[in-house]
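Bear in mind that the values here come from a model prediction, so they are computed numbers and not experimental data. Naming: A, B, ... by sequence-line order, numbering from 1 per chain.
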Number of protein chains: 2
Amino acid sequence: MTDMPRRRPTLDEVAERAGVSRSAASRVLNNAPHVSRDKREAVQRAIRELRYVPNTTARALATRQRGVAALVISGETPAIFADPFFAKVIVGASAALEEADLHLMLCLAAADRSRQRLAELLRARGVDGVMLMAVRENDPVLHTARETELPVVFGGRPAGHEPPWYVDADNVGGARRATEHLLARGRRRVVMICGPLDTQVSRERHRGYREAMILAGLEPLPPASGDFTEPSGATAMTELLERHPDVDAVFAANDNMAAGALRALRGAGRAVPHDVAVVGFDDLDIAQITEPSLTTVRQPIQALGHETARMLVRLIGGEEPSPLILPTRLVARSST
Amino acid sequence: MTDMPRRRPTLDEVAERAGVSRSAASRVLNNAPHVSRDKREAVQRAIRELRYVPNTTARALATRQRGVAALVISGETPAIFADPFFAKVIVGASAALEEADLHLMLCLAAADRSRQRLAELLRARGVDGVMLMAVRENDPVLHTARETELPVVFGGRPAGHEPPWYVDADNVGGARRATEHLLARGRRRVVMICGPLDTQVSRERHRGYREAMILAGLEPLPPASGDFTEPSGATAMTELLERHPDVDAVFAANDNMAAGALRALRGAGRAVPHDVAVVGFDDLDIAQITEPSLTTVRQPIQALGHETARMLVRLIGGEEPSPLILPTRLVARSST
DNA sequence: CTCTAGAATGGAAGCGCTCCCAGAGATTCC
DNA sequence: GGAATCTCTGGGAGCGCTTCCATTCTAGAG
């Protein structure tokens, strides 16, 4: 080793080299006022020459700010997290955090142990704030959320609990429009495949469906429910076909299940959209590669992540933002 | 507010309440020896009563250990990251880190700004180690990796560079077996759809294909290449059909592209597997929901994440683990 | 020319924890 | 019985940075 294993330089060394006090050097670092031009430049030069980088941990200890936000995904992770939905949310959140110069800590809180660690992370002030995505009713993580003094923003409201800060998509409106779209196409036997009933999204999308049906003077039919996966959509569709052989349209609470429905319909020999029209929800990539391509309700998933993070940043900054509901819109393709 | 906004308790307060010194309290906390039974219990009681939780940041500053590992995903994030592949890798890595009581910092290093922040994070010792996933040849992140003194483990080798520590799947072997499987089924005009040529996986899977063809005394055909997405697979397949109208089998470098190939074949009126057999790679969920379901090479994606993280943990712990190549295996379904 | 407000400056006290070390007691062993 | 060896114990020095505050310097006001 030609160069000795020299420790990374500290602010003291920078100060010494620049011939100023540590306080002055610190001021330069945070570009605070009350530093003369000369000294400022001297410090900057020293920083450059020493390749100095401030130690985040020390700074965090002194300022009580960690520079990190947690994004929590609870629920059965391998299954749920594999949904590309979360990938997009994370991309959006990551971008927003970056603007505020925060880092992203990803917490998969499925097992008890994981939840435990999350709770400790918050109590130990390991992060500056928390985003809770897709929390379900009675999710244990809600207790942790209630207990912490840290800012918490929900991405999607949990069922049965209106948190002070959340960002959500207009699920009711989207579902209503999806159903209305089917009705406008002349369909009358419209059924629905909804998601797990303990999620708010499921309930809301179901509500939108009911509203549209009732508004049209039709009787809403009892939904079949899946778990947001493709196979569960196929199963639900099969069940619905048995229950209502004369069905002429189906609205699925997400694209995966809609894709499953398409498969089941094909298996049952029903032509889409001729015999049965299908609408999904989300507008994930899959909606464009099914055959026929899927009419669906687009929700701005990346924006959901982005806005959730932005709201958290504001909260951390001491502001008091209001909850936000993002618009959804129908994208018509070949399945209707 | 009935309860005053009391600060969170510190170790000093715990010590005081337990009637011991801070050193003793610290020893109890880290259950180190040299603490009498009485004092130990007194401290534990105080901790309980005060609901004390040690401040991670202070501890990190004192021990020079952050308790955090970074998982870096470079490349065009919205596109790449949406691949369920990464979700699984993350689930695996997260589980392994949890065992070592480390937290996971997720860094999407697509834009320059993001890479810059990553570099600073490392220089500022914001994490204890780094996992670099799916790095491409000439990826700027390689430079950052080379510069840091922190432990770095690669998940999948970058092309043209053999890092000291990595975990990878047996791509060559898997591709060879896939091709051999097709040949064993009596296919002779076997073509390949490969991925971007600047990735090591693509090259290796292509190599496996070539090896199998040559071993069988056949001339490997020049591949068409896509970008690992479904549509690109369809395009590539169409191109191959034009180039080799008599093709009777195709091996795609991943399942998404294989699904695209299936779609293109259906569009071209070729029956699968009767006219053309198809094999994919990965064994993602999609392989089971295509029609026909996809014969594919399963790679242990979650294990890849898990082992990458475990290797990093060892490295952080001062061990010197060896690179690891995980086995892949053929899963036969209906497309062959 | 004196007075005073404001800028510049560095000393020093934290932030909350770990860990080295020296001293006190308890044990062991010849 | 005394030396040698352990276990306990708490004092105190960091870890590297921010920030309060008292002091000095500068310059404009009167």
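By the side chain to side chain donor-acceptor pair (under 3.5 Å) test, A:Asn138 is found to be paired with no residue, residues two or more places apart in sequence or in another chain being considered. In this structure A:Arg48 satisfies the side chain to side chain donor-acceptor pair (under 3.5 Å) test with no other residue, sequence neighbours excluded. Partners of A:Glu16 by side chain to side chain donor-acceptor pair (under 3.5 Å), not counting sequence neighbours: none found. Scanning for side chain to side chain donor-acceptor pair (under 3.5 Å) contacts around B:Gln44 gives an empty result, with sequence neighbours left out.
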- Item | Check against side-chain contact (heavy atoms from CB on, under 4.5 Å), B:Leu71 and B:Met133 | CA-CA 7 Å; B:Leu71 192 155; B:Met133 313 306 295; 3.6 Å; yes
- Quick one, give me the B/S/- string for nucleotides 19-27 of chain D, reading 5' to 3', where B means a protein heavy atom under 4.0 Å from the base and S means that only happens at the primed atoms, P, OP1 or OP2. B--------
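A:Arg8 places its CZ atom 13 Å from the C1' atom of D:dC17, with the value rounded to the nearest Å. D:dC17 atom P lies 9 Å from atom CG of B:Leu61, rounded to whole Å. A straight line from CZ of A:Arg64 to C1' of D:dC17 spans 13 Å, rounded to a whole angstrom.
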Going by atom type alone, with no hydrogens or angles, which donor-acceptor pairs under 3.5 Å involve a side-chain atom of residues 316-323 of chain B and a protein atom two or more places apart or on another chain?
none

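One finds no salt bridge joining B:Arg123 and B:Glu120 here, because no Lys/Arg side-chain nitrogen approaches an Asp/Glu carboxylate oxygen to under 4.0 Å. Ion pairing of A:Glu147 with B:Arg51 is present here, as a side-chain N (NZ or NE/NH1/NH2) and a carboxylate O approach within less than 4.0 Å. Salt bridge annotation for A:Glu137-A:Arg157: absent, with no cationic side-chain nitrogen under 4.0 angstrom from a carboxylate oxygen. B:Arg115 has a carboxylate O that lies under 4.0 Å from a charged side-chain N of B:Asp112, or vice versa, which qualifies the two as a salt bridge. A salt bridge does not link B:Arg66 to B:Asp128: none of the charged side-chain nitrogens sits closer than 4.0 Å to a carboxylate oxygen.
Separation of atoms NE2 (A:His103) and CG (A:Leu97) is listed at 10.0 Å; rounding is to 0.5 Å.
When side chains are defined from C-beta on, B:Thr144 counts as touching B:Leu122, because their heavy atoms get closer than 4.5 Å.
Shown for residues 33-46 of chain A: residues whose heavy atoms fall under 4.0 angstrom of DNA chain C, namely A:His34, A:Val35, A:Ser36, A:Lys39. Contacts of residues 9-19 of chain A with DNA chain D (heavy atom under 4.0 Å): A:Thr10, A:Leu11.
A 4.0 Å heavy-atom criterion places the boundary nucleotides of DNA chain C facing chain A at C:dA7 to C:dG16, written 5' to 3'.
Counting only residues at least two apart or in different chains, salt bridge (charged side-chain N to carboxylate O under 4.0 Å, His left out) contacts with residues 95-108 of chain A comprise A:Asp101-B:Arg117. Among residue pairs with one or both ends in residues 26-37 of chain A, those qualifying as salt bridge (charged side-chain N to carboxylate O under 4.0 Å, His left out) are A:Arg37-A:Glu41; sequence neighbours excluded.
With axes fitted over five pairs at each extremity, the angle between the ends of the helix from C:dC1-D:dG30 to C:dC30-D:dG1 is 40° (10° resolution).
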